[in-house]
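Presented below is the structure to which this report refers.
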Amino acid sequence: MILGPLLPSPVAPTKVLLVPLSSNAQFKPEVRKLSQRLRAMGISSRVDDSSASIGKRYSRNDELGTPLGITVDFQTLQDQTITLRDRDSTTQVRADEAKILEAIKSLVDGSKDWAKIQEELPKFEGQEVEVAQR
């Protein structure tokens, strides 16, 4: 599928997609907290907690023009870090919530671009923690 011009962060109607890694109930409070914090900052977001794979959920929202995505996963529960994904490059960074929210604010207000965020925050390429099997 060929997409038309992508909406830049400052003009996209929904700025951030919140994606829990799975339907695990432990993710719900984290997602709710992030949604409330973004709302308090005046940044529009939506949650996609459908049963589709995380890749399909991101793809759907890429097509809607949502420029940024936050993933809440098992590592979030252990160390309070979250992943921020850029729609245009599909690259990701990972840091604590405060740093990610500050990055989102600067992307939305246009004071920084994704390249600058990638210089400032660690690149994320995969899960770093072992999840205990229950």
Donor-acceptor pair, distance only, cut-off 3.5 Å: does the side chain of [X] make one with the backbone of [Y]?
X	Y	answer
R94	P122	no
Q80	T76	yes
T83	I70	no
T66	L68	no
R57	D48	yes

Item to complete: Name all residues meeting the ring-ring contact (aromatic ring centres under 6.0 Å, His included) criterion together with Y58; count only those two or more places apart in sequence or in a different chain, and write none if there are none.
Response: none
Search all heavy atoms of [X] against all heavy atoms of [Y] and return the closest pair with its distance.
X	Y	result
T14	P67	O-CD, 3.3 Å
I54	V19	CG1-CG1, 3.6 Å
A103	S106	O-OG, 2.9 Å
L101	M41	O-CE, 3.5 Å

Worksheet item: Out of V31, L38, L17, which one pairs with S45 under the side-chain contact (heavy atoms from CB on, under 4.5 Å) rule?
Response: L38
Distance (rounded to the nearest 0.5 Å) between [X] [atom1] and [Y] [atom2]:
X	Y	atom1	atom2	value
E125	T91	CD	OG1	10.0 Å
R85	W114	CZ	CH2	9.5 Å
E119	D113	CD	CG	8.0 Å
Q118	K116	CD	NZ	12.0 Å

Does a side-chain heavy-atom distance below 4.5 Å link [X] with [Y]?
X	Y	value
S50	R60	yes
E120	K99	no
V72	F27	yes
I104	V108	yes
L121	I100	yes

Discussion item. Suppose we screen for side chain to side chain donor-acceptor pair (under 3.5 Å). Which residues come up paired with Q36, at least two apart in sequence or across chains?
Written reply: none
Scan side-chain atoms only and decide if [X] and [Y] contain a donor-acceptor pair under the 3.5 Å cut-off.
X	Y	answer
D73	T71	no
D86	S89	yes
R39	S44	no
N61	R46	yes

Discussion item. Does atom NZ (K56) have a neighbourhood of more than 12 heavy atoms from anything else shown, all under 6.0 Å?
Written reply: no
